[in-house]
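One structure below.
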Amino acid sequence: MKNSYKYIFGVLLSLPFVTVFVTSKELYNGIITAKMFYFYAVTVLILFSVSIYLLIKKDSIRISFNVIDLLILIYLSYNFLRLLTTKYSSLQDDYFISFVLLTVLYFLWKYFLTFNNKADFNKSTTILITVFLVSGLLQAIYGLLQLYNISPGIVGNQFKVIGTLGNPDYLAGYLISIAPFALGIYWLSKNVTTLNKFIKMIALITFCSCIFLLPSTLSRTSWLALGAGILFILWYKYHLAEKLKIIFNSKIKLVSALLISLILSIVLVSSLYQLKPESALGRLLLWKVSLRIIENNPIIGIGFNRFSVAYNNYQADYFAKGYGSNSEKYFADNVRHAHNEYLQIGAETGLIGLLIFLGIIFSALKFPLINNYQNTGQQLTGKVIISISAKAVLIALMVFALFSFPLHILPNLINFFFLLAVLSGSNDAYIVRELTLSKKVFKPAALIVIVIASLFAVNYIHLYETYNKWNLGYLAAKGGYFDIAQKEYEDLIPELKSNGEFLFFYGASLSALGNYNEALKFLEQAKQKFSDPNLYITLGQNYARLNDFNKAESNIMHASNITPHKLFPKYLLAKLYYNHNMQEKAMNTANEIINLEAKIKTTASEEIKFEMKELIDKINTSPVKAGM
């Protein structure tokens, strides 16, 4: 009985790794939201189980805190303060709630990642590592089935290879969060007889599956990230630092090596750029605007998880003031993430938040290994092997985070926290404080956790039903049944009044039914929590129908400045000017549309250009234009 609980908690604490596979057609945005609800459910189950275990536990608990632990708690506390002090933010922010739950799981993972006297895996550690690897293996296999047309993927997605994440870039980030770890487990344990052979084999198959699948995601960043992780393992396994010192023992050799490395790096970057040049140019604009956000809010940022709300407005302001080049206008897009985690953290939480985050990463990578086996003939222990492997993944993820947003994809974020727990639990250095908790302390705490978890569970069961109804309304609106959508949405306002996307959908449905004044009330509220060109277009159209020219022009112009290459906002502006007898402005806008090169030629874009030519002809032949 004494050891059976380790199996139980090993299984329970591995359940969050299954999050990546959960999708639903019944929930709104079910590829993402189903994962969120599953993660909440298993976390509540884990909290209940741990609390019950504490209630029946008879002896005291000894816990220790190191630098990583303290920095994670400081980072959570700082983000909580920024959430409280950010206008229009809500404590029901899903990203923050996930962050809180993952912090709790971090400490539980760390507590149950145990090792025997020989520093090899105990039962719970074996289960956790095995399920972590198998999750990556199954996701890679599913992606390969999509690649070879054996499985169709999710709900007719526009991409072919997406796993269960809905996007090839998300899938690449997930594979990167596991592949270097799998390689490290296999490669470093080749001559280790004490490590479980099954884990070694799973690790090898997982790594090979990830390697086969990654090219099909067309993610250039994933190869850079994977290369960085592999290089770290090679650096450790083959003592490359010492060998390089021997080889490059003169200044001439060292300078030559640096020049060759520089040339190879330039060739590599150029090759990766040629693979998807439009994406690279779009990122440069994105980072430039993100830096403007940081410049205007350097110390504490714009607020926790507010990047997606603020960015489009900054981009629109950038183009409105005439800063953008023609190429930047062409590649500007509707943006939700900075495609650079460091810039996004800096924009949202300022230099304070960014420094704390970097402190977590630096502390995790700086932790020395328990035993330095590099220069001895001893075998590596399981404890050392998973520590090196976890560092390799952390390095890979941090490289990937330079060009993408892996920490804003829930399965990746789960893996990130788990790897931090591995590093924290497999190193004994830098212990800041050790505590012994008596029954008088942890038993009341367990009861409090049960109450809080119960209230949380009830709330999110209700929210699950809400997202189910939201999906019904969304499908009705998509099919043109706006009256049905409006009725579905109306009942959800109390639960989703803080969700800007929902407010936009509800306002748009009211607008489609001709309830313009009522629609404006919800659309204006949506602006505080949601930023999308379609929101401003809908606002502009509503104000135009109510003959409020100034607000109609302002909102449509704002939508046009977010994505200057889009024809539709400019088309609406041209019609607005023409209907208000501003013929010169109408003609200038129409000519701009005709001369604008569309990214993708469609029937709609050709029809818009044809209509603009007709509008110009009308203006040229009108009595006012002719001077009659």
Side-chain angles (χ1 to χ4, degrees), residues 20-21 31 132-154 156-187 201-234 261 264-283 337 339-341 389 392-409 411-412 415-416:
V20 67
F21 299 104
I31 293 176
F132 179 70
L133 291 170
V134 169
S135 297
L137 171 61
L138 293 177
Q139 189 65 206
I141 290 174
Y142 187 60
L144 289 169
L145 292 176
Q146 293 172 340
L147 178 63
Y148 293 106
N149 298 317
I150 299 172
S151 169
I154 307 172
N157 193 286
Q158 60 176 316
F159 301 107
K160 184 176 183 179
V161 179
I162 54 176
T164 55
L165 288 131
N167 185 288
D169 193 56
Y170 301 173
L171 175 60
Y174 179 77
L175 297 177
I176 288 301
S177 72
I178 292 179
F181 187 85
L183 177 64
I185 293 291
Y186 173 74
W187 213 346
M201 188 55 61
I202 289 294
L204 175 61
I205 298 171
T206 299
F207 177 73
C208 291
S209 300
C210 292
I211 284 290
F212 290 149
L213 184 61
L214 269 177
S216 64
T217 65
L218 295 180
S219 171
R220 301 158 299 179
T221 306
S222 66
W223 284 100
L224 291 174
L226 183 63
I230 292 174
L231 181 61
F232 175 80
I233 296 171
L234 288 171
S261 299
L264 290 174
S265 298
I266 292 171
V267 171
L268 175 63
V269 171
S270 299
S271 300
L272 292 174
Y273 168 79
Q274 292 299 327
L275 184 62
K276 291 166 72 176
E278 291 188 6
S279 174
L281 292 171
R283 299 280 170 86
H337 301 283
H339 285 267
N340 182 305
E341 291 286 4
S389 303
V393 179
L394 193 59
I395 289 169
L397 274 177
M398 292 306 97
V399 171
F400 197 79
L402 286 167
F403 306 97
S404 190
F405 45 95
L407 303 186
H408 284 80
I409 306 301
N412 300 349
N415 290 353
F416 174 72

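- In this structure, the side chain of Glu341 engages the main chain of Leu407 through a donor-acceptor pair within 3.5 Å.
- Considering every non-hydrogen atom in both Ser209 and Ala140, the closest pair reads CB-CB, 3.7 Å.
- Although no hydrogens or angles enter the test, the distance criterion places a donor-acceptor pair under 3.5 Å between the side chain of Gln146 and the main chain of Gly163.
- For the pair Phe400/Ser219, a side-chain contact is recorded, criterion being any heavy-atom separation below 4.5 Å from C-beta on.
- Looking at heavy atoms from C-beta onward, Leu214 lies in side-chain contact with Thr217 at the 4.5 angstrom threshold.
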Self-check item: Verdict with supporting geometry, Val393 and Phe416, side chain to side chain contact (heavy atoms under 4.5 Å, CB included)
Solution: CA-CA 9 Å; Val393 179; Phe416 174 72; over 6 Å; no

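- Between Leu397 and Gly173, the shortest heavy-atom contact is CD2-O, 4.2 Å.
- The main-chain N or O of Phe403 is never found under 3.5 Å from a side-chain atom of Asn340 such that the two would form a donor-acceptor pair.
- Minimum interatomic distance between Val399 and Ala228 (heavy atoms only, all atoms of both residues): CG2-CB, 3.8 Å.
- Under a 3.5 Å cut-off, the side chain of Thr164 and the backbone N or O of Val20 do form a donor-acceptor pair.
- Considering SG of Cys210 and CD1 of Ile141, their distance stands at 10.0 Å, rounded to 0.5 Å.
- How far OH of Tyr170 is from NE2 of His408: 11.0 Å, rounded to the nearest 0.5 Å.
- To the nearest 0.5 Å, atom CG of residue Leu234 and atom CH2 of residue Trp187 are 4.0 Å apart.
- A distance-only check finds a donor-acceptor pair linking the side chain of Thr206 to the backbone of Ile202 [under 3.5 Å].
- Between Leu175 and Leu213, the closest heavy-atom pair is CD1-CD2, 3.8 Å.
- Taking CG from Leu137 and CG from Leu204, the interatomic distance works out to 10.5 Å, rounded to the nearest 0.5 Å.
- In Phe132, the CZ atom is crowded: over 12 heavy atoms of neighbouring residues, nucleotides or ligands sit closer than 6.0 Å.
- Within the 4.5 Å cutoff, side-chain heavy atoms of Phe21 are placed close to those of Ser135.
- Residues Pro215 and Trp223 approach most closely at CG-CZ2, 3.2 Å, considering heavy atoms.
- A 4.5 Å side-chain heavy-atom check between Leu171 and Tyr142 finds every atom pair outside the cut-off.
- A centroid separation of less than 6.0 Å is found between the aromatic rings of Phe405 and His339.
- Ser404 approaches Asp169 most closely through the heavy-atom pair OG-OD2, 2.7 Å.
- Counting heavy atoms from C-beta on, the side chains of Ile409 and Tyr174 never come closer than 4.5 Å.
- Proximity of Pro180 to Leu226: side-chain heavy atoms (C-beta onward) are separated by under 4.5 Å at one or more points.
- Within the model, atoms CG of Leu133 and CG of Leu138 stand 11.0 Å from one another, a figure rounded to the nearest 0.5 Å.
- To the nearest 0.5 Å, atom CG of residue Leu224 and atom CD1 of residue Ile176 are 9.5 Å apart.
- Annotation: side chain of Phe181 is in contact with side chain of Ile185 (closest heavy-atom distance under 4.5 Å).
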